[in-house]
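One structure below.
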Amino acid sequence: MEVKEEFDEFLINDDVQMFSLGKNLKHKNIILSNEVITKALLKNNIYLLFRTNYQFLSETDSKLNVVGVFDNKNKKLYTNTKNLFDFEMPKSNYYIDELCSIENELIKDAKKVLFEYIDKNKDTLKNEGKELFDNILKDEKYKNVLSNLIAREYVFNVNSSHKYNNNEEKRYEEYLHRIKMADKTLLYLIGEKSKEEISKTLLLGYLEQKCYDNWAQKKYLGCRLLEVEYVNQSLRKMYQEGNKSAYKKTQTIVQAIKDINTKVLTITLKCDNEEVTFKYRKDDMLILNDFDLYNKNPLISLYAVYISNKKERELVDKVLKGKEENYNNYLNFITEIKWGKKILYKEKW
(Lines give C-alpha, C1' and ligand atoms only; values in the text may rest on other atoms or scores of the structure.)
Protein backbone atom coordinates (compact mmCIF):
# COMPACT_ATOMS: atom_id res chain seq x y z
CA MET A 1 0.00 0.00 0.00
CA GLU A 2 1.37 3.42 -0.99
CA VAL A 3 1.79 6.21 1.56
CA LYS A 4 -1.14 8.15 0.07
CA GLU A 5 -3.48 5.14 0.31
CA GLU A 6 -2.18 4.27 3.77
CA PHE A 7 -2.81 7.82 5.02
CA ASP A 8 -6.33 7.81 3.53
CA GLU A 9 -7.02 4.51 5.27
CA PHE A 10 -5.93 6.11 8.55
CA LEU A 11 -8.35 8.98 7.92
CA ILE A 12 -11.46 6.91 7.18
CA ASN A 13 -10.87 3.93 9.48
CA ASP A 14 -12.16 4.57 13.00
CA ASP A 15 -10.04 1.72 14.32
CA VAL A 16 -6.76 3.30 13.16
CA GLN A 17 -5.77 6.06 15.57
CA MET A 18 -2.18 6.77 14.59
CA PHE A 19 -0.20 7.35 11.40
CA SER A 20 3.59 7.30 11.52
CA LEU A 21 5.49 9.90 9.52
CA GLY A 22 8.50 7.61 9.11
CA LYS A 23 8.58 3.82 8.67
CA ASN A 24 11.08 1.16 7.70
CA LEU A 25 10.35 0.13 4.10
CA LYS A 26 10.95 -3.57 4.83
CA HIS A 27 9.41 -3.71 8.28
CA LYS A 28 6.48 -1.34 8.25
CA ASN A 29 5.72 -1.92 11.91
CA ILE A 30 9.06 -0.38 12.92
CA ILE A 31 8.74 3.36 13.50
CA LEU A 32 11.91 5.25 12.62
CA SER A 33 10.50 8.68 13.44
CA ASN A 34 8.94 9.74 16.72
CA GLU A 35 6.64 12.04 14.75
CA VAL A 36 3.10 10.76 14.24
CA ILE A 37 -0.31 12.07 13.28
CA THR A 38 -3.11 11.06 15.59
CA LYS A 39 -6.79 11.93 15.52
CA ALA A 40 -9.53 12.77 17.99
CA LEU A 41 -13.25 12.68 17.31
CA LEU A 42 -14.94 16.01 17.91
CA LYS A 43 -18.52 15.33 16.89
CA ASN A 44 -20.61 14.23 13.92
CA ASN A 45 -17.74 12.35 12.22
CA ILE A 46 -15.44 15.40 12.40
CA TYR A 47 -11.90 14.56 13.53
CA LEU A 48 -9.11 16.84 14.69
CA LEU A 49 -5.71 15.73 13.39
CA PHE A 50 -2.69 16.28 15.62
CA ARG A 51 0.99 16.18 14.81
CA THR A 52 2.75 14.98 17.92
CA ASN A 53 5.61 12.99 19.32
CA TYR A 54 5.24 9.21 19.48
CA GLN A 55 5.43 9.51 23.25
CA PHE A 56 2.48 11.92 23.18
CA LEU A 57 1.04 10.43 26.38
CA SER A 58 4.08 11.63 28.29
CA GLU A 59 3.35 14.53 30.65
CA THR A 60 6.53 16.26 29.51
CA ASP A 61 5.59 16.31 25.82
CA SER A 62 4.55 19.75 24.57
CA LYS A 63 4.64 19.13 20.80
CA LEU A 64 0.96 18.96 19.95
CA ASN A 65 0.00 20.82 16.78
CA VAL A 66 -3.41 20.70 15.13
CA VAL A 67 -2.48 19.99 11.50
CA GLY A 68 -5.91 19.41 10.05
CA VAL A 69 -9.59 18.56 10.31
CA PHE A 70 -11.15 15.57 8.58
CA ASP A 71 -14.85 15.28 7.78
CA ASN A 72 -15.32 11.51 7.63
CA LYS A 73 -18.95 11.77 6.56
CA ASN A 74 -18.28 13.88 3.48
CA LYS A 75 -14.66 12.68 3.05
CA LYS A 76 -13.10 16.16 3.16
CA LEU A 77 -9.66 16.97 4.53
CA TYR A 78 -8.74 20.51 5.53
CA THR A 79 -5.11 21.04 6.50
CA ASN A 80 -3.68 23.53 8.97
CA THR A 81 -0.02 23.46 7.96
CA LYS A 82 0.44 26.85 6.30
CA ASN A 83 2.79 28.17 9.00
CA LEU A 84 4.52 24.87 9.89
CA PHE A 85 7.77 25.09 7.93
CA ASP A 86 9.18 21.85 9.32
CA PHE A 87 6.16 19.71 8.48
CA GLU A 88 4.37 18.51 5.37
CA MET A 89 1.03 16.73 5.52
CA PRO A 90 1.00 13.40 3.65
CA LYS A 91 -0.81 13.49 0.30
CA SER A 92 -4.48 12.53 0.33
CA ASN A 93 -7.27 11.97 -2.17
CA TYR A 94 -9.59 13.72 0.29
CA TYR A 95 -7.70 17.00 0.45
CA ILE A 96 -9.92 20.05 -0.17
CA ASP A 97 -8.07 23.14 1.06
CA GLU A 98 -6.36 24.79 4.01
CA LEU A 99 -8.53 25.15 7.12
CA CYS A 100 -8.18 28.93 6.83
CA SER A 101 -10.37 28.77 3.71
CA ILE A 102 -13.32 27.93 6.00
CA GLU A 103 -12.33 30.80 8.28
CA ASN A 104 -12.23 33.14 5.27
CA GLU A 105 -15.75 32.03 4.30
CA LEU A 106 -16.98 32.88 7.80
CA ILE A 107 -15.22 36.26 7.73
CA LYS A 108 -16.76 37.07 4.33
CA ASP A 109 -20.24 36.30 5.65
CA ALA A 110 -19.58 38.24 8.88
CA LYS A 111 -18.59 41.35 6.91
CA LYS A 112 -21.80 41.08 4.89
CA VAL A 113 -23.86 40.97 8.11
CA LEU A 114 -21.98 44.01 9.50
CA PHE A 115 -22.75 46.10 6.39
CA GLU A 116 -26.40 45.05 6.48
CA TYR A 117 -26.52 46.16 10.12
CA ILE A 118 -24.88 49.53 9.36
CA ASP A 119 -27.14 50.16 6.36
CA LYS A 120 -30.26 49.33 8.36
CA ASN A 121 -29.25 51.43 11.38
CA LYS A 122 -27.37 54.28 9.69
CA ASP A 123 -29.42 57.16 11.11
CA THR A 124 -29.46 55.71 14.64
CA LEU A 125 -25.71 55.14 14.56
CA LYS A 126 -25.05 58.70 13.33
CA ASN A 127 -27.16 60.11 16.16
CA GLU A 128 -25.19 58.03 18.66
CA GLY A 129 -21.86 59.11 17.17
CA LYS A 130 -22.61 62.84 16.78
CA GLU A 131 -21.25 63.88 20.18
CA LEU A 132 -17.99 62.02 19.57
CA PHE A 133 -17.60 63.42 16.04
CA ASP A 134 -18.33 66.99 17.16
CA ASN A 135 -15.76 66.67 19.95
CA ILE A 136 -12.90 65.33 17.82
CA LEU A 137 -13.68 67.80 15.02
CA LYS A 138 -12.61 70.54 17.47
CA ASP A 139 -9.11 69.04 17.44
CA GLU A 140 -7.00 70.99 14.92
CA LYS A 141 -4.76 68.00 14.25
CA TYR A 142 -7.77 65.84 13.36
CA LYS A 143 -9.16 68.60 11.10
CA ASN A 144 -5.80 68.79 9.32
CA VAL A 145 -5.83 65.04 8.82
CA LEU A 146 -9.32 65.27 7.30
CA SER A 147 -8.30 68.20 5.08
CA ASN A 148 -5.34 66.24 3.79
CA LEU A 149 -7.52 63.19 3.23
CA ILE A 150 -10.07 65.23 1.26
CA ALA A 151 -7.31 66.70 -0.89
CA ARG A 152 -5.87 63.25 -1.62
CA GLU A 153 -9.24 61.87 -2.65
CA TYR A 154 -9.68 64.86 -4.96
CA VAL A 155 -6.29 64.76 -6.70
CA PHE A 156 -6.38 61.00 -7.32
CA ASN A 157 -9.99 60.89 -8.54
CA VAL A 158 -10.99 63.19 -11.38
CA ASN A 159 -14.51 61.76 -11.59
CA SER A 160 -16.83 64.20 -9.81
CA SER A 161 -19.16 61.36 -8.81
CA HIS A 162 -16.36 59.74 -6.78
CA LYS A 163 -17.23 58.97 -3.15
CA TYR A 164 -14.86 58.33 -0.29
CA ASN A 165 -15.23 55.11 1.69
CA ASN A 166 -13.51 54.82 5.07
CA ASN A 167 -13.01 51.06 4.57
CA GLU A 168 -15.00 49.79 7.54
CA GLU A 169 -14.64 46.38 5.91
CA LYS A 170 -10.87 46.42 6.45
CA ARG A 171 -11.21 47.47 10.10
CA TYR A 172 -13.72 44.71 10.82
CA GLU A 173 -11.61 42.10 9.03
CA GLU A 174 -8.57 43.10 11.09
CA TYR A 175 -10.68 42.71 14.25
CA LEU A 176 -11.85 39.26 13.16
CA HIS A 177 -8.27 38.14 12.51
CA ARG A 178 -7.22 39.39 15.95
CA ILE A 179 -9.79 37.33 17.80
CA LYS A 180 -9.63 33.54 17.86
CA MET A 181 -11.65 32.29 14.91
CA ALA A 182 -10.56 28.66 15.32
CA ASP A 183 -13.40 27.81 17.74
CA LYS A 184 -15.97 29.40 15.40
CA THR A 185 -14.55 27.42 12.48
CA LEU A 186 -14.83 24.14 14.37
CA LEU A 187 -18.37 24.92 15.57
CA TYR A 188 -19.33 25.48 11.93
CA LEU A 189 -17.64 22.28 10.73
CA ILE A 190 -19.31 20.06 13.34
CA GLY A 191 -22.70 21.63 12.57
CA GLU A 192 -23.20 23.25 15.96
CA LYS A 193 -23.52 26.75 14.49
CA SER A 194 -24.57 28.05 11.08
CA LYS A 195 -22.78 30.86 9.23
CA GLU A 196 -25.65 33.19 10.09
CA GLU A 197 -25.44 32.39 13.82
CA ILE A 198 -21.66 32.84 13.87
CA SER A 199 -21.91 36.15 11.98
CA LYS A 200 -24.46 37.49 14.48
CA THR A 201 -22.31 36.39 17.43
CA LEU A 202 -19.25 38.08 15.93
CA LEU A 203 -21.21 41.28 15.28
CA LEU A 204 -22.52 41.41 18.86
CA GLY A 205 -18.99 40.91 20.19
CA TYR A 206 -17.72 43.71 17.95
CA LEU A 207 -20.46 46.14 19.00
CA GLU A 208 -19.81 45.46 22.70
CA GLN A 209 -16.17 46.47 22.33
CA LYS A 210 -14.94 49.74 23.80
CA CYS A 211 -12.71 52.02 21.75
CA TYR A 212 -11.48 55.62 21.45
CA ASP A 213 -11.34 56.77 25.08
CA ASN A 214 -13.77 54.05 26.16
CA TRP A 215 -16.53 55.07 23.77
CA ALA A 216 -18.88 52.25 22.73
CA GLN A 217 -18.28 50.73 19.31
CA LYS A 218 -21.75 51.86 18.16
CA LYS A 219 -20.82 55.49 18.84
CA TYR A 220 -17.53 55.01 17.02
CA LEU A 221 -19.31 53.46 14.02
CA GLY A 222 -21.67 56.43 13.95
CA CYS A 223 -18.70 58.81 14.23
CA ARG A 224 -17.04 57.18 11.21
CA LEU A 225 -20.28 57.43 9.21
CA LEU A 226 -20.36 61.16 9.98
CA GLU A 227 -16.69 61.40 9.01
CA VAL A 228 -17.43 59.84 5.61
CA GLU A 229 -20.37 62.22 5.18
CA TYR A 230 -18.16 65.21 6.04
CA VAL A 231 -15.42 64.13 3.61
CA ASN A 232 -17.86 63.54 0.76
CA GLN A 233 -19.62 66.88 1.30
CA SER A 234 -16.24 68.61 1.15
CA LEU A 235 -15.31 66.66 -1.98
CA ARG A 236 -18.53 67.75 -3.70
CA LYS A 237 -17.61 71.39 -3.03
CA MET A 238 -14.11 70.91 -4.42
CA TYR A 239 -15.44 69.31 -7.62
CA GLN A 240 -17.99 72.11 -7.98
CA GLU A 241 -15.20 74.72 -7.74
CA GLY A 242 -13.70 73.35 -10.98
CA ASN A 243 -10.53 75.20 -12.01
CA LYS A 244 -10.80 77.47 -8.97
CA SER A 245 -10.01 74.59 -6.59
CA ALA A 246 -6.74 75.07 -4.69
CA TYR A 247 -5.76 71.52 -5.69
CA LYS A 248 -6.80 71.63 -9.34
CA LYS A 249 -3.21 71.92 -10.60
CA THR A 250 -2.06 69.07 -8.35
CA GLN A 251 -4.98 66.95 -9.60
CA THR A 252 -4.10 67.71 -13.25
CA ILE A 253 -0.44 66.75 -12.69
CA VAL A 254 -1.32 63.54 -10.83
CA GLN A 255 -3.80 62.48 -13.52
CA ALA A 256 -1.21 63.21 -16.23
CA ILE A 257 1.53 61.01 -14.73
CA LYS A 258 -0.03 58.34 -12.51
CA ASP A 259 -0.67 55.76 -15.25
CA ILE A 260 2.55 56.35 -17.21
CA ASN A 261 4.81 53.29 -17.23
CA THR A 262 8.15 54.91 -16.48
CA LYS A 263 10.58 55.33 -13.60
CA VAL A 264 11.88 58.83 -14.35
CA LEU A 265 10.26 62.04 -15.55
CA THR A 266 11.76 65.37 -16.61
CA ILE A 267 10.43 68.21 -14.47
CA THR A 268 10.68 71.96 -15.12
CA LEU A 269 10.14 74.37 -12.21
CA LYS A 270 9.80 78.14 -12.34
CA CYS A 271 10.05 80.33 -9.24
CA ASP A 272 10.41 84.14 -9.30
CA ASN A 273 11.24 84.05 -13.03
CA GLU A 274 14.09 81.54 -12.46
CA GLU A 275 13.74 78.17 -14.16
CA VAL A 276 15.33 74.75 -13.72
CA THR A 277 14.86 71.36 -15.42
CA PHE A 278 15.81 68.09 -13.71
CA LYS A 279 15.17 64.35 -13.63
CA TYR A 280 12.94 62.96 -10.86
CA ARG A 281 11.45 59.56 -10.07
CA LYS A 282 7.74 59.34 -10.92
CA ASP A 283 6.92 57.23 -7.86
CA ASP A 284 8.52 59.82 -5.56
CA MET A 285 6.04 62.41 -6.87
CA LEU A 286 3.01 60.28 -5.96
CA ILE A 287 3.85 59.41 -2.35
CA LEU A 288 1.03 60.41 0.01
CA ASN A 289 2.00 62.89 2.70
CA ASP A 290 1.64 60.97 5.98
CA PHE A 291 4.44 62.75 7.79
CA ASP A 292 3.68 66.47 8.03
CA LEU A 293 0.02 66.67 9.02
CA TYR A 294 0.08 70.47 9.01
CA ASN A 295 1.39 70.68 5.44
CA LYS A 296 -1.67 71.17 3.23
CA ASN A 297 0.02 69.49 0.27
CA PRO A 298 -1.67 66.06 -0.07
CA LEU A 299 1.47 64.66 -1.71
CA ILE A 300 4.93 64.46 -0.22
CA SER A 301 7.31 67.41 -0.57
CA LEU A 302 10.16 67.59 -3.06
CA TYR A 303 13.26 66.01 -1.52
CA ALA A 304 16.65 67.14 -2.83
CA VAL A 305 18.11 63.77 -1.87
CA TYR A 306 15.84 62.16 -4.49
CA ILE A 307 17.47 64.22 -7.24
CA SER A 308 20.37 61.97 -8.20
CA ASN A 309 22.31 64.48 -10.32
CA LYS A 310 24.34 66.77 -8.03
CA LYS A 311 24.40 69.73 -10.44
CA GLU A 312 20.62 69.53 -10.95
CA ARG A 313 20.15 69.25 -7.18
CA GLU A 314 22.12 72.47 -6.60
CA LEU A 315 20.23 74.32 -9.35
CA VAL A 316 16.87 73.25 -7.91
CA ASP A 317 17.92 74.54 -4.48
CA LYS A 318 19.02 77.85 -6.05
CA VAL A 319 15.71 78.34 -7.89
CA LEU A 320 13.63 77.39 -4.81
CA LYS A 321 15.79 79.73 -2.69
CA GLY A 322 16.50 76.87 -0.30
CA LYS A 323 13.14 77.54 1.37
CA GLU A 324 11.30 74.64 2.99
CA GLU A 325 7.89 76.05 2.05
CA ASN A 326 8.92 76.09 -1.62
CA TYR A 327 10.01 72.44 -1.42
CA ASN A 328 6.70 71.62 0.29
CA ASN A 329 4.71 73.34 -2.46
CA TYR A 330 6.93 72.52 -5.43
CA LEU A 331 3.94 71.25 -7.43
CA ASN A 332 2.74 74.85 -7.67
CA PHE A 333 6.01 75.80 -9.39
CA ILE A 334 5.91 73.05 -12.05
CA THR A 335 5.55 74.44 -15.57
CA GLU A 336 6.23 71.29 -17.58
CA ILE A 337 6.58 67.52 -17.22
CA LYS A 338 8.04 65.33 -19.94
CA TRP A 339 8.31 61.59 -20.48
CA GLY A 340 11.16 61.36 -22.92
CA LYS A 341 10.13 63.86 -25.63
CA LYS A 342 6.43 63.57 -24.88
CA ILE A 343 4.91 66.46 -22.93
CA LEU A 344 2.60 65.11 -20.21
CA TYR A 345 1.84 68.44 -18.56
CA LYS A 346 2.39 72.05 -19.60
CA GLU A 347 1.39 75.16 -17.65
CA LYS A 348 -1.26 77.25 -19.39
CA TRP A 349 -0.51 80.96 -19.19
Assess the side chains of [X] and [Y]: does a donor N or O sit below 3.5 Å from an acceptor N or O?
X: E227; Y: Y142; answer: yes
X: Q17; Y: T38; answer: no
X: T335; Y: K270; answer: no
X: Y239; Y: N157; answer: no
X: N297; Y: N289; answer: no

In terms of hydrophobic clusters joined by side-chain contacts under 4.5 Å, are [X] and [Y] together?
X: I260; Y: F278; result: yes
X: L344; Y: V264; result: no
X: L204; Y: I198; result: no

Under the ring-ring contact (aromatic ring centres under 6.0 Å, His included) rule, collect the residues that match up with F115, sequence neighbours excluded.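 Per chain and number, F115 pairs via ring-ring contact (aromatic ring centres under 6.0 Å, His included) with no residue.
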
Are the charged groups of D272 and K321 less than 4.0 angstrom apart, N to O? yes

Carboxylate-amine/guanidinium proximity below 4.0 Å for E241 and K248: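 Answer for the salt bridge query: no.
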
Let me confirm one number: the [atom1]-[atom2] distance from [X] to [Y], rounded to the nearest 0.5 Å.
X: K210; Y: K219; atom1: NZ; atom2: NZ; answer: 9.0 Å
X: D183; Y: K193; atom1: CG; atom2: NZ; answer: 11.0 Å
X: C271; Y: N332; atom1: SG; atom2: CG; answer: 10.5 Å
X: Y78; Y: S101; atom1: OH; atom2: OG; answer: 6.0 Å

Pairwise side-chain contact, [X] with [Y], heavy-atom cut-off 4.5 Å (strictly under):
X: I179; Y: M181; result: yes
X: Y94; Y: D8; result: yes
X: L302; Y: V316; result: yes

How close do L125 and K218 get, counting heavy atoms only, and between which atoms?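 Taking every non-hydrogen atom into account, CD2-O, 3.7 Å.
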
Does the separation of the ring centres of [X] and [Y] fall below 6.0 angstrom?
X: F19; Y: F7; result: yes
X: Y306; Y: Y303; result: yes
X: Y330; Y: F333; result: no

According to side-chain hydrogen bond (donor to acceptor under 3.5 Å, both in side chains), who are the partners of D134, at least two apart in sequence or on a separate chain? K130

According to salt bridge (Lys or Arg N to Asp or Glu O under 4.0 Å), does anything in residues 302-319 pair up with another residue at least two apart or in another chain? List the pairs. E274-K318

